[in-house]
Amino acid sequence: MGALLTLPLLELTVGLPLAATLLAIVSGRFSSGLVLGIGPAMLALAVLLCLAVGSHGPLEVAVGGWAVPLGIALGADGLSAVFVMTGAIIMPAVALFARRAFGSDPAETTQSFTFWPLFFAMWAALNAIFVGRDLFNFYVALELLTLTAVAMVAYGGTAAALRYMIFALMGSLAYMTGVALLYASAATLDIGLLSEAIEPDRAVVLAGGLMTAGLLAKTALFPLHAWLPPAHGNAPAPASALLSALVVKASFFIIVRIWFHVMPDAQSPWLVQTLGLLGACAVIYGSLLAIRQGRLKLVIAYSTVAQIGYLFFIFPLADGSAFALPWAAGAWTGGIFHALSHAFAKAALFLAAGLIIEALGHDRIADMKGIARALPMTMAAFGLAALSIMGLPPSGGFMAKYLMLTSALAGGQIFYALVMIAGGLLAVIYLFRPLNAAFAGSHVPEIAPVPKARQTIPLALALIATIIGLASSIPYQFLQIGLPEVLEGGTE
Amino acid sequence: MMLSTATLYALCGAAMIGIGVYGFIVRAHLLRRVLAFNVIGSGVFLFLGALGYRAPQAGADPVPHALIITGIVVALSLTALAVALVLKHAEEAGRAVLPEEDREET
Amino acid sequence: MNLAEAFTILFVVAGIFFFVAGTVGLLRFPDTHTRLHALTKADNLGLGLIAFGLAFRMPDVWGVAKLGLVWLLAVLAAATVAQLVARAALDRLPDLDEKGGAR
Amino acid sequence: MTAAFVFDAMLCLLLVGTAVSAVAGRDLFASIAFFVTYGILIGLAWLRLGAVDVALAEAAIGAGLTGVLLIGAWSMLQRRCGDGGNDPAMPVLPKLAAAAVSVTVTGMLALAVLALPVGAPGLVPLVTENLSESGVGNPVTAVLLNFRAYDTLMESIVLLIALVAVWALTPKELWGGVPGLRQHARPDGVLATFGRLLPPLGLVVAVYVVWAGSEMPGGAFQAGTILAAVWLLVVMAGIAEEPRMSSRLLRLALVVGPAVFLGVGLVGAAFGSFLGLPVDFAKALILAIEFALTFSIAVTLALLVAGTPREGT
């Protein structure tokens, strides 16, 4: 196993998609085939990375051989490896799905040319964040991610893309101001060095607040969510899947890095409760609006607004301001689990919705009666993914909510337990509507043909969302590798 | 008390950030928002650069300079996409203002 | 203060005077063409004088050559831009618009 | 109170004044003009802070190219949509709230500045100590192309992807066409003469800026901007036309810089560390990367300014 460490695994997780980005620009209409080579290679890299982290613990390399703080380090702990793996499964799955819309035209078109460089650059940016250790490099990667995401949203509508861009621009400036303050305080941007160097003084707390506010705008936490439903609801289905499954998680990932790795000491009861409350508002508000939507993709998009809320429960539940509560690690792991299972389930839902649109030409819930009989496999995928979003067993979503609920009860935070239960019930309501419509009536509706092979893609993603609930102990143990210090002592 | 050069320019950067934030919120015209974004951006960079000049006898810190040059290029990239989006939106909607913010003209 | 420094101060001050005059002209003259006149004449001369004054402080002849190049490029650019602005302004005058046709 | 302090204070006041005029002005064109002035003044501020490289980048990219983008958009809005840049009115109460937010942000940042330790040298000692092994004498270039080359590699991709993103807005029927508007210049006009005179000179200056960048202020991004500006002038003067976006050659030109950079990085990974430059070859490799980058950056910037194709061919 030692040989694994000599491979440039971390560098390649970023370098390979970057190379693919450049290839996609020059290879013209063959670029949609690139993923057939890059996808398996990235999956292999992710497996090797998981093996390396699993057998050797957290990894760290200095890019260019320059040690921090002068250079930039890349690193992977359990958290990084799990997210890289999630990306390595979802990205190729979505790419295979997207080849029909963005690669089947004989002549080059706007979308068939631009989608693939955007896709690979998005992958590179995501991985750069997942294995990043440098706060300024996060900034560059975030902006790369924003450019690709805004361009994909623009396929579906200019106004939605502009609205997204306005939030993203403010977010990046706020984040950058925070980075400037931290560099001025500690003369380093490396996560590890910063955590040793900084005291929670005025500049550091302000920096943390600014960076978090900026990242919240990009994660679309209530009340900064207004851009998300039109953006995710109107983009082409593969783009929506990437945006909801992975892109919003990247900025959440950096928030976790900041508060649990860079400045755990700066967590205050005020901060954790504010983030938790905003999360609770997101869960209730997003779910209620999801119920009122008439279009399937908008239901799924508002569901993302709601599900993002749960992610922020890790702040009050793992409460870093009250050191190492016994249930803290459980709450934190539950939150991360939720991010992962939501990624798979949401990608499956958006792709299934995309197939329904291809079959019917629209996604009006009222007019899709009986679609389940015409597209049984697609609706099976939808139903399976819906279980995970509702948090019903057996699914990843259930495991995540179970972990968070136990911590909430153990910590006596009944409020969050109640919000989680309410959110689960509301999810049952908003997802029951499309399911109910799909099975209604007894006739088989006329549809445009949808190949079986493409229907297996959302099904596979939905199955993974279920399996990580059934075999939860593997990712659970894995996430404990390189657990933030502030949570340690909480693991049994 | 005499302000050092570094502190003076850092405060100036903070002021520019505030001015830009005001413009970004108040001006609904999208091209003006892009402009305000750039005003804030250069304010942030001035803030970072000035704080890297707190020990003039040791010389200016080159690391923030490199970060700022990178930041300027990133800001230009975002500006270019934003401008292209604004133009496309204006051609579709007739005005470079988002529909929900289109109130009476001044 | 040696002679070189005295020359620098003299020429730079003279250059600044022309800049100020040009700016006053820009603000006070009535129309585009007279304003352009004030601007280009005064600024090119002002920049030339400042470059000349600074030439006394250059360590070698390359530095002087660079200053000369800066001045030359600025004059060229200013002349071209002034010409373009003047032409655009002509196109906008109402009486010429009829003859000039649609543009 | 020293003369230097008076100068700095006046410059800061001018900066704040131009920023206010750029943000709050009624006429959009005037606002943009103030923004460009503001950018040039920040260039001066950078000189006062010992950051000549940043001053160059700010003047060329921050004020110059951003100004060109904004003015181009302003003129397009006027001509195509009759949008003169007027704003919807905002009621007084939200305006007051915005002012409160703005003052709070500035105030908190100011308090944080005053609380920071004085005399902190940052990473100056570390950079100085390692400069001799970086292959170049200009510390900023050493940081950009060696110590933090990973950032710069990503940044070059950011610029490239911005162009792809702009291209993604191309209407279906115009894909593959010539970016931007057709230029109608007088073939014998002053602009045409200037457009013929400038390119050789601009090329020399750009090469010099890259070459000098290893020892003195300068570098690929500044030089790329100069080249892009020269090219834009040539196009405006009607001497040459923008290439079609479907051109294979153009696409190679776009990726060659980042490709050389990434290639050097990956070869480095095979020999020990990703983006690691052996001391003996560091200068040659940095120059090779910078020249390739300058070329690609110039092409990318010029096309970013041109935007999407506007008329069918």
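Quantities reported herein were computed from a predicted structural model and do not represent experimental measurements. In what follows, every chain begins at residue 1, and chains take the letters A, B, ... in the order their sequences are listed.
- The candidate with the highest count of non-hydrogen atom pairs below 4.5 Å against chain D, out of B/Thr7, B/Leu78, B/Leu8, B/Val86, is B/Leu8.
- The closest donor-acceptor contact from the side chain of B/Thr79 to the backbone of D/Thr66 lies at 3.5 Å or more, if one exists at all.
- Of the two parts of D/Leu301, only the side chain, counted from C-beta on, holds a non-hydrogen atom closer than 4.5 Å to a non-hydrogen atom of chain B.
- Of the atoms belonging to D/Leu65, heavy atoms from both backbone and side chain fall under 4.5 Å from chain B.
- Comparing D/Val20, D/Ile161, D/Leu13, D/Val305 by heavy-atom pairs within less than 4.5 Å of chain B, the highest count is held by D/Val20.
- Here B/Thr70 pairs with D/Glu155 under the side-chain hydrogen bond (donor to acceptor under 3.5 Å, both in side chains) rule; sequence neighbours left out.
- Contacts between D/Leu116 and chain B at a heavy-atom distance below 4.5 Å involve backbone atoms as well as side-chain atoms.
- Contact annotation: the side chain of B/Leu87 never approaches that of D/Arg80 to less than 4.5 Å [non-hydrogen atoms, C-beta and beyond].
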Could you go through the side-chain contact (heavy atoms from CB on, under 4.5 Å) check for D/Val54 and B/His65 one step at a time?
CA-CA 6 Å; D/Val54 182; B/His65 296 180; 3.6 Å; yes
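- When heavy atoms are compared at a cutoff of 4.5 Å, D/Gln222 approaches chain B solely by way of its side chain, counted from C-beta outward.
- D/Ser31 is listed as a side-chain neighbour of B/Leu35, based on a closest heavy-atom distance under 4.5 Å.
- Residues B/Ala14 and D/Ala110 approach most closely at CB-N, 4.4 Å, considering heavy atoms.
- A donor-acceptor contact shorter than 3.5 Å links the side chain of B/Arg32 to the backbone of D/Gly25.
- Among all heavy-atom pairs drawn from B/Ile69 and D/Ala57, the shortest one is CG1-CB, 4.1 Å.
- Using a 4.5 Å cut-off between heavy atoms, D/Val158 touches chain B through backbone and side chain atoms alike.
- Scanning both residues, D/Phe5 and B/Leu3, for their nearest heavy atoms gives CE1-O, 3.8 Å.
- If you tally non-hydrogen atom pairs under 4.5 Å between each of D/Ala162, D/Ala120, D/Ala168 and chain B, the highest count goes to D/Ala120.
- Listed for the D/Arg148 side chain is no donor-acceptor partner under 3.5 Å among the backbone atoms of B/Ala66.
- Residue contact with chain D, scored on non-hydrogen atoms closer than 4.5 Å, involves the backbone and the side chain of B/Ala96 alike.
- In this structure, the side chain of B/Tyr53 does not engage the main chain of D/Gly50 through any donor-acceptor pair within 3.5 Å.
- Using a 4.5 Å cut-off between heavy atoms, B/Leu85 contacts chain D through both its backbone and its side chain.
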Applying side-chain contact (heavy atoms from CB on, under 4.5 Å), run through D/Val113 and B/Phe47 and close with a yes or a no.
CA-CA 9 Å; D/Val113 167; B/Phe47 186 76; 3.2 Å; yes
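- By the 4.5 Å heavy-atom criterion applied to side chains, B/Val26 and D/Met90 are counted as neighbours.
- Enclosure of atom CG in D/Leu93 is not indicated, since only 12 or fewer non-hydrogen atoms of other residues, nucleotides or ligands lie within 6.0 angstrom.
- Neither the backbone nor the side chain of D/Pro94 comes within contact range of chain B, judged by heavy atoms closer than 4.5 Å.
- Looking at D/Val16, the atoms closer than 4.5 Å to chain B (heavy atoms on both sides) sit in the backbone and in the side chain alike.
- When all heavy atoms of D/Val23 and B/Gly20 are compared, the closest pair comes out as CG2-CA, 4.3 Å.
- When each of D/Ala45, D/Gly307, D/Gly39 is scored by its heavy-atom pairs under 4.5 Å with chain B, the top score falls to D/Ala45.
- Proximity to chain D involves both the backbone and the side chain of B/Phe45, based on heavy atoms less than 4.5 angstrom apart.
- In this structure, the portions of B/Leu81 lying under 4.5 Å from any heavy atom of chain D include both its backbone and its side chain.
- Summarising the geometry of D/Ala98 relative to B/Ile25, their closest heavy-atom pair is CB-CG2, 3.8 Å, with the distance given to 0.1 Å.
- Checked options D/Val143, D/Leu126, D/Val124; the residue passing with B/Val63 is D/Val143 (criterion: side-chain contact (heavy atoms from CB on, under 4.5 Å)).
- The backbone N or O of D/Leu123 sits less than 3.5 Å from a side-chain atom of B/Asp61, completing a donor-acceptor pair.
- In this structure, B/Cys12 SG and D/Leu11 CG are separated by 7.5 Å, a value rounded to the nearest 0.5 Å.
- Interface summary for chain B: among D/Phe147, D/Tyr38, D/Phe221, the most heavy-atom pairs under 4.5 angstrom belong to D/Tyr38.
- In this structure, the side chain of D/Ser102 does not engage the main chain of B/Tyr22 through any donor-acceptor pair within 3.5 Å.
- In this structure, D/Trp46 and B/Ile68 have side chains that are in contact, with non-hydrogen atoms separated by less than 4.5 Å.
- Both the backbone and the side chain of D/Pro117 come within less than 4.5 Å of a heavy atom in chain B.
- The backbone N or O of D/Leu169 lies less than 3.5 Å from a partner atom in the side chain of B/Lys88, making a donor-acceptor pair.
- Note that OG of B/Ser42 and CZ of D/Phe35 are 5.5 Å apart. Values are rounded to the nearest 0.5 Å.
- We find the CD-CD1 distance between D/Glu58 and B/Ile72 to be 4.5 Å, quoted to the nearest 0.5 Å.
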